[in-house]
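This report refers to the structure that appears directly beneath it.
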Amino acid sequence: MDVFLQTLVAGILKGGLYALIGIGMTLIMGVMGIINLAHGQLMMVAMYITYVLHLAGVDPYISLFVAMPALFLLGCLIQRFLLNPLLKVDTILPENQVLMTVGIGMVLTEIIRFIFKSDYKSVSTGYSNATFFLGNISFSIALGISFIIAIAFTVAMFFFLIKTDIGRSIRATAQDKDAAVLMGVNTGRITIITFGLGSGLVAAAGCLLAPVYYVFPDIGGPFTARAFIITILGGLGSTVGAIFGGVTLGLAESFGATYISMDYENIIGMTIFVLVLLFLPGGFKRLTKI
Amino acid sequence: MSTGRKLVFAVFAVVLGLCIGSVVVAAETLKVGIVLPLTGEQAKFGEIEKRSFEMAAEEINGKGGVNGKKLELLFEDDTGKPDVGRSAVEKLISREKVPVLTGGYSSSVTAAATAVAQQFKVPFMVTTGSADKITESGYDYVFRINPPASEYPAAVVTFLEQVVKPKTAVILYENSLFGQSSSKSFEEDCQKLKIDVVAKEGYHKGAVDFKPLLTKVKSLNPDLVYMVSYVMDASLLMRQAKELDLNPKLFIGGGAGFTLPEFHKNAGDAAEYVFSAALWVETAPYPGAREYFDKYAKKYKEDTEYHGAEAYASLYVVADALKRAKTITPKDVRDALATTDMKTAFGPVKFVSYDKKTQQNKIPTFLVQWQKGSLETVWPKGVADKKFIFPVPKWNERK
Amino acid sequence: MKKKLVALLVLAVLAFFPLVVKDNYYRHLMILFLMWVVIGSAWNLIAGYTGQVSFGDAAFFGSGAYAAGLLSTHLQVSAWWGLAIGGFVAVAVGLPFGWICFRMRGAYFALATLALNEVLRHAATIAEGFTGGMVGILIMPSFVSKVPYYYVALALAAFSMLSIHWVVHAKPGYYFVSIREDQDAAESLGIDTHFYKMLSLGIAAFWTGVAGALYMNYMGFIDPEVVFSLHDISIMAILVGIVGGVGTVYGPMVGAFLMVTVQELFRSGFFGLLKYLAIVTGSDALGVLAEAVTGAHVLGFGILVVVVILVLPNGIVGDWPKIRKSVFRMKTAV
């Protein structure tokens, strides 16, 4: 029983972090249909910002307030100068933008490697390994906090999209870009803001992940893959879906590791991904309608 | 377009000319081709090895070189990919006409590179690439200074046999060449020691959360947890073991990640009392080991580790062979390498054949333990500079 | 007619290449180039002509390579049989996948191919007993000389291009393009789009698998990270396709040549030119530059991806009129 409960707790807590990674992706994919294969790499950049600030004695939770604006800006620049121009060029294959994000991901990784070398860095804090026990079940405090922050961001995004002007414009662009243009929405500007927001959110995930994990130039890739699975699972553009998607993936990985083998961690994720694409296109969003 | 094409040809001509030119200039020196990952994920170790090769070359050339000729090191970047490693070796052999090759960090690159060397009949003295099969293919032009992965835990085995005497063990390993082959051989060692392996689980490097795996281990309650992990996975495993209050009699790392300073930096106090197999320690009773360690630290303001020592020793072995070779041709250098018998900072080097292996160096290994934040050699007794701490206190008994 | 002449001329030059150039290093680069011609042409058929962009070419490449390698380790037959069998193994992987996943469109299909490759890579890693896991498969290459490999690669490149040339100029080819341009319209015209997508994928998988088997024979070593690599195989295949020209028969050849050359240029610091200049001139700045170029060759590769997509989204052959126009305009301006 302890094994089952501990696995459940581990899966849910990890899922919270995954959700935060997924929210940014779901916005970008939902609004612009852009498949961002540089998502994990953007998070990696945020983790290095956290690391540098940590060297200067800044707590990772405080560095949220630096990393998020910084990545928002970086995201805006990428969209403005690298992705938006692609929409105007006449090409045979629309998938060019996917490849473009792959290139951006490579460039980000290599620039970071150029500066910091292929060295493993740590952001160790007092609470990195802090736990409390409930019976025999251990709860990680750092992951617990990140879970709460993930929920908070989701709620904030939810109301931002529903209540504010920019939020409404973003949703309008997501629903029908041409109609949005006709209604006077500056869609070019909206796409820039959306990519910035998505990058900012994944930066938050990076700041929260850094203390419990480690920092390395190549860690982006696997998180990009997970972000996808979460987005597909939760449904494009659905912030609430991202939470469900994140937790589902977290649980699937954890139970897989405990009851099958940790070897299959990645295969489980990929299989869920293909199954959802085939049998539940639209993800959880289709079931919940949010 | 035609001007563009002319330009391309011109550039090619210049490049070709330069290469021929460099051959003429280099007639005075002895070339040694070295293949290392200087960029990409493994660049860190490539750099440590490169620096150590350069240190050794400076020393050898400072003392007048080999038979009056200076050593010239030709580094080629294999970027950690076998096909690139292969073309790098081909370039060294067919363009630079090197009489001897050394280096080779990752096993996959080394496997591909040594096959080329064997084909062209140019001796390759492998520095690191630890996959067993590299010296099991019957290549007569391939030598290896590093012990094969399966022999890393030799000191662990005697320690378990004489001190710990565990009954059950769990083996966790990274799904890499090193992890898969050395976990397999440790399982065989366990059978010989009559230790019951209750679980053997692989994982893919870079995992975030080992808690489900460790929860399972906890429920099996083994005496020994043996882990073959790279540095950051090693650290996460220990940190999360602490979080879960997982208390086997002892944790042992199978070399690689557990001895690096980054492991301790990331794992913090969770690294305390962890044992690890080690190939080389600066306190080892080898001539020049300590001097090499201090010199490296002084020159590069960084600590070196066993990969560096291997590289440093490799060049001495190669230089020794070049000195004894009748002529500087691949064939004669190969014959000279085969009769190597010398002491280096990495230990005694002699290429012997046993079991399926050919031209393989055999060196003893060590057991180290993290004690109060520093890595101490604790086994075998003859070289131990600190007494091992065993039994290890449980997590909640520690301060 | 002129086109045919150019093609024959190129073939003749390639056929005489190893007789003229004795340097193994260049021969090696040429073999890589020819291998990429095969892979690039195959990618171009499924992505460039049929519009189903594959981000998982490595899945087929790896299947072919493993088919060849496993033949020699398990059945003790020559890995050369892999050339015959590897392609079919790749088709056997590709067709069921296509049958299931072709109901997805555009970018989602691309992601599914990515997932296929990941699954195969992990499977090959975990199935230690069968594939050797990360230990990989090591065979002794059958020839010391590069010439036999060169001609095998040349033959494969020629046949793959011929077969693809033939297919795209026959009826299926027009169906492929119609699927790319507008799948719904194609369907409403009565084209069995699912079948033709499968056909296109089947041919592409076949040639990619054959290239994988060639890789196994030539390199003598494979492991899951090498042959199922996202960056080194799948992305490289896309780049070869895009740089040369999407939806053109000769594009992949141009792309393969450029990509192999560029990769080697960056890796070797322009064939050691920069380093040499630094030594000759004694200039520290050049030395630093040489270190930076070789140190950042992946960065250069990444920047190249970004620039190519921004400037030449349809590749050199595809955007040739555009290039010629801008060059021409520059000349008149001068």
Side-chain angles (χ1 to χ4, degrees), chain A residues 29 33-35 37-38 41 78 81-83 85-86 88-114 117 217-218 221-222 224-225 228-229 231-232 236 261-275 277-278 281, chain C residues 47-49 51-55 97 100-101 103-104 106-112 114-123 125-126 177 180-181 230-231 234-235 238-239 241-242 245-247 292 295-315 318-319:
Chain A
M29 256 172 103
I34 280 187
I35 293 197
L37 281 179
Q41 280 79 356
I78 288 176
F81 292 104
L82 297 176
L83 293 173
L86 287 188
K88 289 172 207 135
V89 221
D90 189 26
T91 64
I92 296 176
L93 296 176
E95 284 78 7
N96 266 0
Q97 56 83 10
V98 184
L99 189 59
M100 176 59 113
T101 62
V102 173
I104 294 170
M106 283 168 87
V107 170
L108 289 177
T109 306
E110 294 307 317
I111 288 178
I112 290 289
R113 199 199 306 284
F114 208 67
K117 301 272 171 355
D218 291 293
T224 305
F228 264 118
I229 300 170
T231 305
I232 299 292
L236 297 188
S261 163
M262 197 153 166
D263 263 340
Y264 296 97
E265 193 177 46
N266 296 291
I267 293 192
I268 288 170
M270 287 298 163
T271 315
I272 292 181
F273 171 75
V274 174
L275 287 180
L277 272 183
L278 288 174
Chain C
Y49 281 99
Q52 310 300 311
V53 176
S54 157
F55 270 69
F97 167 79
I100 299 171
C101 292
R103 64 185 83 178
M104 297 177 209
Y108 293 100
F109 175 76
L111 289 179
L114 202 82
L116 172 72
N117 181 45
E118 290 295 297
V119 168
L120 286 182
R121 180 158 59 84
H122 288 297
T125 309
I126 297 167
V177 174
R180 181 186 77 197
E181 292 303 322
L230 170 66
H231 276 186
S234 296
I235 301 291
I238 300 173
L239 282 175
I242 288 192
V246 177
H297 71 273
V298 188
L299 178 63
F301 203 70
I303 291 174
L304 190 79
V305 176
V306 172
V307 171
V308 163
I309 294 169
L310 273 181
V311 185
L312 298 172
N314 291 324
D319 277 334

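Predicted model, so just to flag it, every value in this text is computed and none were measured. The sequence lines fix the lettering, A, B, ..., with proteins before strands; numbering per chain opens at 1. The figures here come from the full heavy-atom set of this structure, side chains too, leaving out hydrogens, waters and symmetry mates.
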Problem - Heavy-atom contact with chain A under 4.5 Å, split by part of Leu116(C) - result: neither
Fill in the blank from the handout: Under 4.5 Å to a heavy atom of chain C? For Ile229(A) that would be neither
Completion exercise
Honestly, the part of Ile111(A) sitting under 4.5 Å from a heavy atom of chain C is both
Exercise for the section: Please list, chain by chain and in numerical order, all residues satisfying side-chain contact (heavy atoms from CB on, under 4.5 Å) with Val305(C), sequence neighbours excluded. Expected result: Leu99(A), Leu239(C), Ile309(C)
Handout entry: Distance-minimising heavy-atom pair for Cys101(C) and Ala112(C)
Key = SG-CB, 4.2 Å
Completion exercise
In terms of heavy-atom pairs under 4.5 Å with chain A, the winner among Val119(C), Thr125(C), Ile126(C) is Ile126(C)
Exercise for the section: With rounding to the nearest 0.5 Å, note down the distance linking CD1 in Ile235(C) to CG in Leu230(C). Expected result: 4.5 Å
Problem - Side chain, backbone, both or neither of Ile242(C) within contact of chain A (heavy atoms, under 4.5 Å) - result: side chain
Fill in the blank from the handout: Output for pair (Ile35(A) CD1, Leu114(C) CG), nearest 0.5 Å, gives 9.5 Å
Exercise for the section: Please state whether the side chain, the backbone, both or neither of Val102(A) comes within less than 4.5 Å of a heavy atom of chain C. Expected result: side chain
Completion exercise
Taken in chain and number order and not counting sequence neighbours, the residues that satisfy side-chain contact (heavy atoms from CB on, under 4.5 Å) with Asn117(C) are Ala58(C), Ala59(C), Phe228(C), Ser234(C)
